[in-house]
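Accompanying notes for the structure given below.
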Amino acid sequence: MIQLSSVVKTYESKAGTIEALRGIDLNVSAGEIYGIIGHSGAGKSTLIRCINMLERPTGGTVLVDGEDMGAMTEAELRKARQKISMIFQHFNLLTSRTVYDNVAFPLEIQGKSPEEIRTIVLPLLDLVGLGDRQDYYPSQLSGGQKQRVGIARALASQPKVLLCDEATSALDPQTTKSILALLRDINSRFNLTIVLITHEMQVIKEICDKVAVIEDGRIVEQGPVLEVFTKPQAKTTQDFISTIINRSLPPEWSETPPSPTPIAGADLLLRLSFIGQAADEPIIAGLIRRFNVDISILYGNIDHIKDTPYGTLLVSLTGDDNNIQEALRHLQERDLGIEVIGYVARRH
Amino acid sequence: MSQDVIKLLTEACLETLYMVGVSSVIASLAGIPLGVLLTITGRGHIKENLWLNQSVGSIVNAFRSTPFIILMVAIIPITRLLVGTSIGTTAAIVPLTITAIPFIARIIESSLKEVDGGVIEAAQSMGATPLEIIGKVLLPEAMPSIVLGLTLTVVNLIGHSAMAGALGGGGLGDLAIRYGYQRFRLDIMIATVVVLIIQVQLVQSIGDKLSARLNKNKL
């Protein structure tokens, strides 16, 4: 649905040239919820605006539904934008218009008649749960309600793509959850492709199918959310994940870092990740029985990524050095997320 | 107060209303589009054109820095050309309008610049044309502030019209100078000032009320 290839964006300023995007390649399939996460200043705002040409890329191509957005005339671009809706961190509603008239706005631009507009706006207000607020002005609504108006307005033109620019960053955690649930609902109801940018890992975990981590104008890691969560490669990704999943070692290990290579007579520290079905297997019990090792659980957690259960377990293996190595090999042969943290001197 | 004085005051009052009313309307018709032009051609706005922006801006500034009394005398030939005479209430409308146009243009510009850039961006993301952004976003969103600005313009014009009166323009200023000052009629002088104060108060409170009604931000 959306293809970005080697997209570059530079700004000229008095301080010199600023490279906001340094060659972005991104593929978003139809019906997907694609999250782009990065710290502020990483370029994610510029990136999402390059998709609908609110920012014109300096180089590279942007295809939406097979059409080259960069090659369009102003008029063609306006037409194309009607099928690419956008919601914003600060909602950007017209303060002088009621809820109803805000949602009607994109339809007025398309030249629809008042009767036609009515048949589209009213069901949408019901869908976002604001059927009884149509005559309110934005200043009379809470943040969450304003974003619901923003979503209804975005849906009014029956778009193919919805761009979310930090849509939940100005909302409290409870409201964030309800807005994310609404986005998931419209994603499945209309098979709507959603691209969202955020700096909150929670948002990615909650609703995204795929994620791209952006840093300093480059994508440092991308892939299905489950994969990125269980096997994060880049440092930035690990930092983001640690904001919602405890990846730190118990304090006694963080002071003397574990050795990456085996040491005779040492314990092995492992982090195991269980995804979906694997979470049901009696792996720990099997290891103890078959390899004659003792296993102590240092930390454990079960969470959900979108709808998939996802567990992490930090364990230490104690026993004969050969047994530990065999147990490790056995684990590595299985479809488990295994991270060898290292070998630490046995404590007694 | 005698019948005559009341008659003089009423006539002068109507003349002032006529001068201020007509010049306000004409100046708005010219000043509002000019203000829109100054806004949208500004840096980072929807039709950025700095060359045009600075050219129009300096013409506007030139008119704004000319004191009204000098402008009034300087454009007498133009006034003659347009209305056939340089004396009287109708003649006074020309300099009043010309002085108000750049003022309104700047007032409109500053009101429109207050409109949140995010809202404009939202309209662009929906495929709105520049004209739709002006008509459906910029002007309606800035309306409470525009009304206050136009109120300020009318109040200024009431003051300027008194000055025009001193140069044979008619109206309350003319009355105050000819009767109050030159014939030492203190009662007429005071009455004129009171009428002017009431006029200004009325205009200001109507403007404030209208602006408050249009403002949907504080409900």
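Chain identifiers are assigned alphabetically (A, B, ...) following the order of the sequence lines, protein sequences preceding nucleic acid strands; residue numbering begins at 1 within each chain. A quick note: this is a predicted structure, and the numbers were derived from the prediction, not measured.
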Toward chain A: residues of residues 132-145 of chain B with heavy atoms under 4.5 Å
B/E132, B/K136, B/V137, B/P140, B/E141
So, the part of A/L94 with a heavy atom under 4.5 Å from chain B: the answer is both
Against chain A, residues from residues 105-123 of chain B with at least one heavy atom under 4.5 Å, in numeric order, are B/D116, B/G118, B/V119, B/E121, B/A122, B/A123
Once side chain to side chain donor-acceptor pair (under 3.5 Å) is applied, what residue pairs with a partner in residues 19-45 of chain B remain, sequence neighbours excluded?
B/T41-B/N53
Which one of A/H90, A/R97, A/K79 has the most heavy-atom pairs closer than 4.5 Å to chain B?
A/R97
Under 4.5 Å from any heavy atom of chain B - which part of A/S157
neither
Given the options A/L54, A/N92, A/L77, which has more heavy-atom pairs under 4.5 Å with chain B than any of the others?
A/N92
Within 6.0 angstrom of A/Q158 CD, more than 12 heavy atoms from elsewhere
no
Please determine whether the number of non-hydrogen atoms from other residues, nucleotides or ligands lying under 6.0 Å from atom CD of B/E11 exceeds 12.
yes
Determine whether more than 12 heavy atoms belonging to other residues, nucleotides or ligands lie under 6.0 Å from atom OH of B/Y18.
yes
What one should report as the nearest heavy-atom pair of A/R78 and B/G127 is CD-O, 3.4 Å
Applying a heavy-atom distance below 4.5 Å, give me the residues of residues 81-89 of chain A that approach chain B, sorted by number.
A/R81, A/Q82, A/I84, A/M86, A/F88
Give, as side chain, backbone, both or neither, the part of A/L163 having an atom under 4.5 angstrom from any heavy atom of chain B.
neither
Top of A/E108, A/E74, A/M53 for chain B proximity - count of heavy-atom pairs under 4.5 angstrom
A/E108
B/F63 CZ: over 12 foreign heavy atoms closer than 6.0 Å
no
CG (B/L14) with more than 12 external heavy atoms under 6.0 Å:
yes
